[in-house]
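The structure appears below as structure tokens.
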There are 2 protein chains.
Amino acid sequence: MKTTLKREITSGRILDAAYRAIAARGWGAVTLREIAEESEVALSQLSYYFGNKDGLFAAVLERMQREYAENLAAKLRNATSFQERLERLIDYNRLLLKENADLYRNFLEFFNFAMASPEFKKQVTAFLAGIARAIEEQITQKQKSNQKLASFSSSAITHFILSASFGISLQHLLTPKNKDVEAGFDLIKTALGIVFSADAKDATRIS
Amino acid sequence: MKTTLKREITSGRILDAAYRAIAARGWGAVTLREIAEESEVALSQLSYYFGNKDGLFAAVLERMQREYAENLAAKLRNATSFQERLERLIDYNRLLLKENADLYRNFLEFFNFAMASPEFKKQVTAFLAGIARAIEEQITQKQKSNQKLASFSSSAITHFILSASFGISLQHLLTPKNKDVEAGFDLIKTALGIVFSADAKDATRIS
DNA sequence: AAATAAATCGGACGTTCGTACTAGTTTGAG
DNA sequence: CTCAAACTAGTACGAACGTCCGATTTATTT
């Protein structure tokens with residue numbers, strides 16, 4: 001018991017330090033010595049627990065993915081309508097950006113890194129596809145007749161929300177003070193809301 | 001004459017090689033020796049022309065910005081309505097993504113890098129603000145009464161388009177085969193088109 | 001043609017990186 | 001109490017990096 005506890009404590013501290021270091025200076029610029037110092041652990045411990053630098057990188061990514069997915073699932077749990085789910089997805093992304101900007105910062109880092117590494121590319125792609133699918137699954141049953149969005153698949157709409165959220169976040173990270181950037185989240189809602197209200201004339205409920 | 005010519009040829013070749021190398025492997029992983037070899041130039045030439053690695057990086061970024069801005073300006077030149085300008089902006093981004101994916105790839109790299117470097121952050125921020133302003137300038141005179149978008153400033157709309165375009169591009173770079181991602185561009189148009197048509201009942205021209 | 005400037009080149013320097021190695025310490029089961 | 005396994009710590013090494021410098025070639029000017 002204590003063994004695993006110790007293991008988790010140490011490796012967890014390393015992961016935390018790595019997470020913070022990546023957000024602060026970028027993965028390429030971060031050194032293992034830096035992470036070791038910040039986590040108050042000997043350098044050799046990093047090799048011991050994660051093998052090599054790529055292994056540590058992958059571990060950080062994996063934990064980020066898991067946390068994001070779990071939190072998102074919790075947010076969506078008792079949401080009924082598709083529109084409500086979309087709204088919560090958007091709100092979730094917005095909340096993360098405000099209260100956990102490092103997460104987005106690191107996601108960007110990983111995305112960026114993935115483009116040069118086929119292995120990570122596969123992982124990041126699978127992650128995105130997983131989120132998209134989770135949202136999409138609850139669309140098909142709800143969205144039946146929609147004039148304005150008829151030409152767009154549910155997958156396209158989902159990907160659009162993800163894309164836009166991420167783009168907004170990216171810009172927000174660069175210019176956190178610009179309120180017009182953050183307004184993009186509202187714009188997604190308004191735009192899609194209008195779109196969806198096309199076939200909801202009879203039931204115009206505002207959640 | 002020949003002097004300046006030679007200078008431009010050599011430095012241009014270095015910039016080209018750097019540009020390609022960044023797109024292929026990322027700035028952090030790229031080495032000056034790699035760039036020197038690909039541009040068939042001695043390693044010391046890079047220092048000679050660009051001082052140091054950061055200088056070369058900045059030069060590549062500067063050229064990218066100039067080209068993007070110039071091409072965009074050309075695309076927007078004889079567009080009249082605001083809606084037409086927006087559409088061309090979106091189409092331009094879409095075209096770049098298809099025919100010049102490296103540009104987006106490198107923009108992402110720069111954005112990423114900027115987050116860890118206050119100096120580059122300022123430059124990238126100014127670049128984004130410049131594009132946004134260029135578009136925005138032609139909004140205020142056109143957009144007067146719009147019910148649905150009344151609560152959104154023209155700046156917010158512009159930033160939204162930039163954000164969404166960039167987010168879509170980012171996802172497209174990861175999964176180029178997914179057509180649903182690219183459909184995001186159409187979704188922007190549809191969403192904004194519907195939004196705008198609210199006050200265009202009298203003149204519903206399709207450009 | 002001589003002289004000055006610009007451009008190019010190869011090589012070497014010092015630093016820092018990721019990784020590997022080994023000896024010492026702690027831990028928990030038999 | 002013993003001992004093997006898990007863990008920690010310090011150190012060292014080879015490689016690769018950005019940068020710098022002197023010599024050489026090429027071009028321009030006087």
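Order of the sequence lines sets the chain letters (A, B, ...), proteins ahead of strands, with each chain counted from 1. What you see below is based on every heavy atom in this structure, not just the backbone, and it leaves out hydrogens, waters and symmetry mates.
We find that CD of B:Gln45 is positioned 11 Å from C1' of C:dA6, with the value rounded to whole Å. For the pair B:Tyr48 OH and D:dG22 P, the computed distance is 16 Å after rounding to whole Å. Between the CD1 atom of A:Ile14 and the P atom of D:dA9 there is a distance of 10 Å, given to the nearest Å. In this structure, CG of B:Leu46 is placed 13 Å from C1' of D:dC17, rounded to the nearest angstrom. As a whole-Å value, the separation of A:Glu37 CD from D:dG10 C1' is 15 Å. The separation between B:Trp27 atom CH2 and D:dG18 atom C1' is 11 Å, rounded to whole Å. Rounding to whole angstrom units, CD of residue A:Glu40 and C1' of D:dA9 are separated by 15 Å.
Among residues two or more places apart in sequence or in another chain, the side-chain contact (heavy atoms from CB on, under 4.5 Å) test is passed with A:Ala114 by A:Phe120, A:Lys121, A:Val124, B:Leu174. Scanning for side-chain hydrogen bond (donor to acceptor under 3.5 Å, both in side chains) contacts around B:Asp16 gives B:Arg63, with sequence neighbours left out. Applying the side-chain hydrogen bond (donor to acceptor under 3.5 Å, both in side chains) test to B:Ser163 and every residue at least two apart in sequence or in another chain returns A:Gln171.
Screening residues 34-44 of chain A for side chain to side chain donor-acceptor pair (under 3.5 Å), with sequence neighbours left out, gives A:Arg20-A:Glu38, A:Arg25-A:Glu34. Pairs engaging residues 88-97 of chain B under the side chain to side chain donor-acceptor pair (under 3.5 Å) rule: B:Tyr68-B:Asn93, B:Asn78-B:Arg88, B:Glu84-B:Arg88, B:Asp91-B:Lys189, B:Asn93-B:Tyr104, B:Asn93-B:Ser165, B:Arg94-B:Glu182, B:Arg94-B:Asp186 [sequence neighbours left out].
Between B:Tyr49 and C:dT8, a side-chain N or O to OP1/OP2 separation shorter than 4.0 Å is present.
Outside the 6.0 Å centre-distance limit, the rings of B:Phe110 and B:Phe127 are not counted as a close aromatic pair.
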Exercise. What string of B, S and - do you get for nucleotides 17-23 of chain C, 5' to 3', when a contact is any protein heavy atom under 4.0 Å?
Worked result: BBB-B--
